[in-house]
Amino acid sequence: MIITDDPDIVAGVRKFIDGLDEITEVDQVFLDDAIREWEIGRAVPLPGVTGRVRTEKDFLPTPVRWMFVRHAVDYEPTDTEQKVLDNQRGRHSTAGGPVVKYQLESLRLDTRGTLRRGDVIVFASIGDEWLYPPAVVISDAMRIPRSGGAVLFFLRTRTDLPHVPLTDAEKALTDLGHPGSRLRTDHYVRSPSLRTAILALWDL
């Protein structure tokens, strides 16, 4: 970036911009997607500039202050929801590139509730058989038209993290001093040490 009132430089810049064949329109959809990507990253100093670089630790916020245990219920997206999902997944596609480590998921809630960007959710299966790896909320609540107030959130997960048998998770947490982990009940994980212990189930 430069700031100048030199007419030759201004003319040269305008000629360069007008000569570009491939450009991306910066509309609200583009900005929303860029903001989501930005907030996933972590501010790091670079020589001469400040930028964001993805590292393995970028998956989770630091520190994890808001963690919820919820039971996962599969549902069939409406046509409107499916269009939004397909659009967002297309923007995050890495076809032809390296193996994808991150996956975009969605969460539909009947009401907005208290979820917000950066929250971490650990899902349990309905039958309390499995504990799924942490998912990070990476979007604001998006109202679903004609749904009676339902909202949609986008979540980012890691494809390389396994499901953990819920009974094994309970035992591991008990051994770490958390016999009352309440993994079978939807709740906000208030204890910082319990949040740390839950993430440790996946070496996070």
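Everything numeric in this text was worked out from a predicted model, so none of it was measured. Numbers here are sequence positions counted from 1.
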Please name the pair of heavy atoms, one in [X] and one in [Y], separated by the smallest distance, quoted to 0.1 Å.
| X | Y | value |
| --- | --- | --- |
| P61 | G118 | CG-O, 3.2 Å |
| H163 | P133 | CD2-CD, 3.7 Å |
| S181 | E170 | OG-CG, 4.2 Å |
| H178 | S193 | CE1-OG, 3.1 Å |
| D128 | L166 | O-CB, 3.6 Å |
| T185 | V69 | O-CG1, 3.8 Å |

To the nearest 0.5 Å, what is the distance between [atom1] on [X] and [atom2] on [Y]?
| X | Y | atom1 | atom2 | value |
| --- | --- | --- | --- | --- |
| I121 | F153 | CD1 | CZ | 8.0 Å |
| Q103 | R158 | CD | CZ | 13.0 Å |
| L199 | M67 | CG | CE | 3.5 Å |
| L176 | T174 | CG | OG1 | 9.0 Å |
| F154 | S139 | CZ | OG | 6.0 Å |

Is any side-chain heavy atom of [X] less than 4.5 Å from a side-chain heavy atom of [Y]?
| X | Y | value |
| --- | --- | --- |
| T167 | K171 | no |
| R182 | L194 | no |
| Y132 | T157 | no |
| L161 | L204 | yes |

Review point. Which pairs with one or both residues in residues 187-204 pass salt bridge (charged side-chain N to carboxylate O under 4.0 Å, His left out), sequence neighbours excluded?
Key: none
Answer yes or no: does atom [atom1] of [X] have more than 12 heavy-atom neighbours from other residues, nucleotides or ligands under 6.0 Å?
| X | atom1 | value |
| --- | --- | --- |
| R65 | CZ | no |
| D186 | CG | yes |
| Y188 | OH | yes |

Check your understanding: side-chain contact (heavy atoms from CB on, under 4.5 Å) between T114 and W66: does it pass, once the steps are laid out?
Key -> CA-CA 10 Å; T114 58; W66 293 89; over 6 Å; no
Review point. Remaining members of I126's ILVMFWY cluster at a side-chain heavy-atom cut-off under 4.5 Å?
Key: V73
Exercise for review: Could you point out which residue of V137, V136, D119 forms a side-chain contact (heavy atoms from CB on, under 4.5 Å) with L155?
Suggested key: V137
Review point. For A169, what residues pass the side-chain contact (heavy atoms from CB on, under 4.5 Å) criterion, not counting sequence neighbours?
Key: L131, V164, L183, L201
Exercise for review: Could you give me the CA-CA distance, side-chain angles and deciding distance for Y102 and I138, then say whether side-chain contact (heavy atoms from CB on, under 4.5 Å) is met?
Suggested key: CA-CA 12 Å; Y102 299 104; I138 63 168; over 6 Å; no
